[in-house]
2 protein chains.
Amino acid sequence: MPATMSDVARAAGVSVMTVSNVLTGRKRVGEDTRRRVLAAVDDLGYELNLTARHLRAGRTNTVALVVPRFDHAYFGELAARLARRLEASGRHLVVEQSGASREGELKALTLARLHLYDGVLLSVVGMTPDDVARLRTTVPVVLLGEQDMPDRFDQVRMDNVEGARLATAHLLATGSRRVAAVGGSRSGRGMTYLRTLGWRRAHEEAGLMADDALVLPAGQSDLADGREAVRRLVAAGAPFDGVFAFTDTLATGVLAGLAEAGLRVPDDVQVVGFDNLDASEFLVPALTTVDPGHDAMTDHALRLLDRLIERAPGTDPGTAVEPEHVTGPVSLAVRGTTRHTA
Amino acid sequence: MPATMSDVARAAGVSVMTVSNVLTGRKRVGEDTRRRVLAAVDDLGYELNLTARHLRAGRTNTVALVVPRFDHAYFGELAARLARRLEASGRHLVVEQSGASREGELKALTLARLHLYDGVLLSVVGMTPDDVARLRTTVPVVLLGEQDMPDRFDQVRMDNVEGARLATAHLLATGSRRVAAVGGSRSGRGMTYLRTLGWRRAHEEAGLMADDALVLPAGQSDLADGREAVRRLVAAGAPFDGVFAFTDTLATGVLAGLAEAGLRVPDDVQVVGFDNLDASEFLVPALTTVDPGHDAMTDHALRLLDRLIERAPGTDPGTAVEPEHVTGPVSLAVRGTTRHTA
DNA sequence: CCATCGTGGTGTATCGATAAACCGCGCTGG
DNA sequence: CCAGCGCGGTTTATCGATACACCACGATGG
């Protein structure tokens, strides 16, 4: 039975409102009364109930980040960056998991869990643009999706096609001729499709033919999938001298697979990843990878979210801000898994 | 202006309570009325306000995990495991970050409490036993700390000393004679101290002398710290033929440092980590590491938390459950960074 | 033939904090 | 001499959902 505000009020011989005022400092309170209240608070071990405050005030100073999975390094780093920024503005980040499934994401959204937060950053993976379009929520939401989502929402994306093109072009420019696309897929609209597109485009630009047999899909376990992809390539006897792995985690698995197969990196096979995770620089050899401009994306996401949150009080549909779709700048971090020349 | 329950009630021509009953299914409602209500809900795009429900019900079906940092693989994996278990019992996990500092942990705990989570799993790092002892909380809390905390709280720990002893003993048994302790510290009570203790103990048991000069502290950035430790060892010209890194992340950095220095693993230098992260198996060579019995720890933590949550309604101090301190079983996952024989 | 029960609903108090209105009181200025 | 005001509070209404008591009405049973 936690102490409530009126317990404190009674103990201090004042009204609840006075206790509230002392605690929030929103109104002047006599020094004497103030001390009595604080003493009572201390005495009863009282703690403010944020739920109640939220109900009344409509603000939580808390932003949620909904990610597909807790155990993906990319999202961990994303969360850390966001938390740092939010902390600076006196706010708070909590992370929730959607389970990387369409159902999970929908549940995370419709379950009205959203109302617990001032705003939500939603990493869309499983949901289709249609699902998103159907969302009826009044809570400020910014999508961190990979694919292009309906205009109704703000969205921050990576430039998947360009990043993939950069990665593949670099492999081709440094001498690789048969570049596998690990994590790719020939259909859909998601990240995998877009990066496959970039991979294809780089081939075209180099006047080369992309071989669809080198497109290897990934499943749920990136590390194992990356290794498995190499195993399959080797088993199939398909010649390959380069790998564009669609995430750094997949690339890590790929490196393991190559080592297992006795293939040297970058001498026999060059490898490029995507994400530029903290750990990638420390792999042996250090991973060449696409840097999706983390900081720029973080900045954009928070700017868009704040814009929505500011507007919230009025919520005048007339003055509705025009949703923005921004795309981060990509670049290539060249390291040890690729050669410097052909 | 989001639609409220009474908006729905008005639209459907029923009372608020009936709407509530339809939505929660807690009471029987006539099929006809039910349909009208659902239609109105759909029509107005109504979303349940969890904040209000929580305020009234006093339950959230949500458990919070407070970790030092979002961007540490260990905590990501921990969160994923916990979420999986909680999901199975119809509950929900949210993750918060404390910033690895004493203040951060205290603040996070306060916030967590205020948010009316049903329970909190707190990864203690910065707080001292004294801080913990001072905590006055009515919310179910289970500590996931490294060091031993006051009896008043349930706590799940790794067997740090034994794990470190195992790791070091393995290095010594397979021929290493000068084993660096990367991430170690000669004082304090925390994880670093305990693992240093295990490192020392293994030496004693082998009748060898542990050299304090081989204890290298780590800072905030494990990956860089691991690499830096090797650089320092090499620069100092201190001979060493084994490394016990206090986390797998440090070990990853160590491997990078060794590669940079042209030292072969495991031929010139053997390496053992601690944590058995998912990625560790995929490093090249695959990392030998201490497995802290993740599943057992998860099970224990949730069992203890549930016990506290069950008891919560009554909260009779007389029937208070006796707090438990459990320690997970550690074992060694032997892989490629160590040899099989001396 | 009346007491009892089940069905499908309604009314009201309540969770804890807070915004806004209000209220004595002593002081000041015109 | 009185309107006006700053100070230090108190009262009241409210946020949105839900627990609980209650009620009308028809069916059931002994």
Side-chain angles (χ1 to χ4, degrees), chain A residues 1-38 40-41 44-61 111-116 118 138-139 312-313 315, chain B residues 1-38 40-41 44-61 110-111 113-118 138-139 312-313:
Chain A
M1 51 194 113
T4 135
M5 206 167 209
S6 66
D7 293 339
V8 174
R10 197 173 318 119
V14 297
S15 75
V16 239
M17 204 47 226
T18 299
V19 178
S20 172
N21 287 331
V22 168
L23 264 35
T24 64
R26 242 183 283 280
K27 273 183 86 176
R28 314 191 42 76
V29 174
E31 184 54 26
D32 181 40
T33 326
R34 219 180 73 86
R35 248 194 285 275
R36 280 216 319 285
V37 168
L38 290 179
V41 164
L44 300 176
Y46 167 76
E47 277 177 2
L48 220 131
N49 183 329
L50 264 199
T51 303
R53 167 185 285 183
H54 178 207
L55 179 61
R56 187 79 240 285
R59 284 254 176 154
T60 55
N61 281 326
L111 210 60
R113 207 151 245 306
L114 307 190
H115 285 295
L116 298 175
D118 288 347
T138 53
V139 177
T315 317
Chain B
M1 52 191 110
T4 134
M5 206 166 213
S6 65
D7 294 339
V8 175
R10 198 171 319 116
V14 296
S15 75
V16 239
M17 206 46 230
T18 300
V19 178
S20 172
N21 287 331
V22 168
L23 264 34
T24 64
R26 243 184 282 282
K27 272 184 90 175
R28 312 193 43 77
V29 174
E31 184 54 26
D32 182 42
T33 326
R34 217 178 75 85
R35 248 192 287 274
R36 281 213 322 282
V37 168
L38 290 179
V41 164
L44 301 176
Y46 168 75
E47 279 171 13
L48 196 77
N49 184 329
L50 280 189
T51 304
R53 168 184 283 183
H54 293 167
L55 179 60
R56 188 81 240 285
R59 281 256 176 151
T60 57
N61 280 326
T110 305
L111 276 168
R113 228 174 322 183
L114 307 185
H115 270 301
L116 218 58
Y117 293 127
D118 288 347
T138 53
V139 173

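Letters A, B, ... mirror the listed sequences (proteins, then strands); counts begin at 1.
A donor-acceptor contact under 3.5 Å links the side chain of K27(B) to the base of dG9(C).
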- How far apart are the C-alpha atoms of R10(B) and D7(B), what are their side-chain angles, what is the distance that settles it, and do they pass the side chain to side chain contact (heavy atoms under 4.5 Å, CB included) test? CA-CA 5 Å; R10(B) 198 171 319 116; D7(B) 294 339; 3.6 Å; yes

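Per the geometry, CE belonging to M5(A) stands 16 Å off P belonging to dT11(D), to the nearest Å. Between the CD atom of E31(A) and the C1' atom of dG8(D) there is a distance of 13 Å, given to the nearest Å. Straight-line distance from the CG atom of L23(B) to the C1' atom of dA19(D): 16 Å, rounded to whole Å. Between the OH atom of Y46(A) and the C1' atom of dG16(C) there is a distance of 7 Å, given to the nearest Å. Taking atom CD on E47(A) and atom C1' on dG16(C), their separation rounds to 14 Å, with Å as the unit. The interatomic distance linking R10(B) (CZ) with dA17(D) (P) rounds to 12 Å, in whole Å. Residue L44(A) contributes atom CG, which lies 15 Å from atom C1' of dG16(C) at whole-angstrom precision. We find that CG of N21(A) is positioned 10 Å from P of dG9(D), with the value rounded to whole Å.
Between R53(A) and L55(B) the shortest side-chain heavy-atom distance does not fall below 4.5 Å. N49(B) is not listed as a side-chain neighbour of T4(B), based on a closest heavy-atom distance of 4.5 Å or more. Looking only at side-chain heavy atoms (C-beta outward), L38(B) and V22(B) come within less than 4.5 Å of each other. A 4.5 Å side-chain heavy-atom check between L23(A) and M5(A) finds at least one atom pair inside the cut-off.
In this structure, T4(A) reaches the sugar-phosphate backbone alone: every heavy-atom distance under 4.0 Å involves primed, P, OP1 or OP2 atoms, never a base. Residue T18(B) is in base contact, counting any heavy-atom pair closer than 4.0 Å across all strands shown. T33(B) comes within 4.0 angstrom of sugar-phosphate atoms only, judged by non-hydrogen atoms across all strands, and of no base. Within 4.0 Å (heavy atoms only), V14(A) reaches sugar-phosphate atoms of the nucleic acid but no base atom.
OP1 or OP2 of dA19(C) sits under 4.0 Å from a side-chain N or O of R26(A). Between S20(B) and the phosphate of dT18(D), there is a side-chain N or O to OP1/OP2 separation shorter than 4.0 Å. Between R28(B) and dT7(C), a side-chain N or O to OP1/OP2 separation shorter than 4.0 Å is absent.
Here the OG1-CZ distance, from T33(A) to R28(A), works out to 11.5 Å after rounding to the nearest 0.5 Å.
If T51(A) and M17(A) are placed on DNA chain C by their nearest nucleotide, the residue sitting closer to the 5' end is T51(A).
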Between protein and nucleic acid, restricted to nucleotides 13-15 of chain D and to nitrogen or oxygen atoms under 3.5 Å apart, what atom pairs and distances do you find?
unit_1	atom_1	unit_2	atom_2	d
dT14(D)	O2	R56(A)	NE	2.9

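Side-chain contact check for H54(B) and T51(A): no donor-acceptor pair (N or O, by modelled atom type) lies under 3.5 Å.
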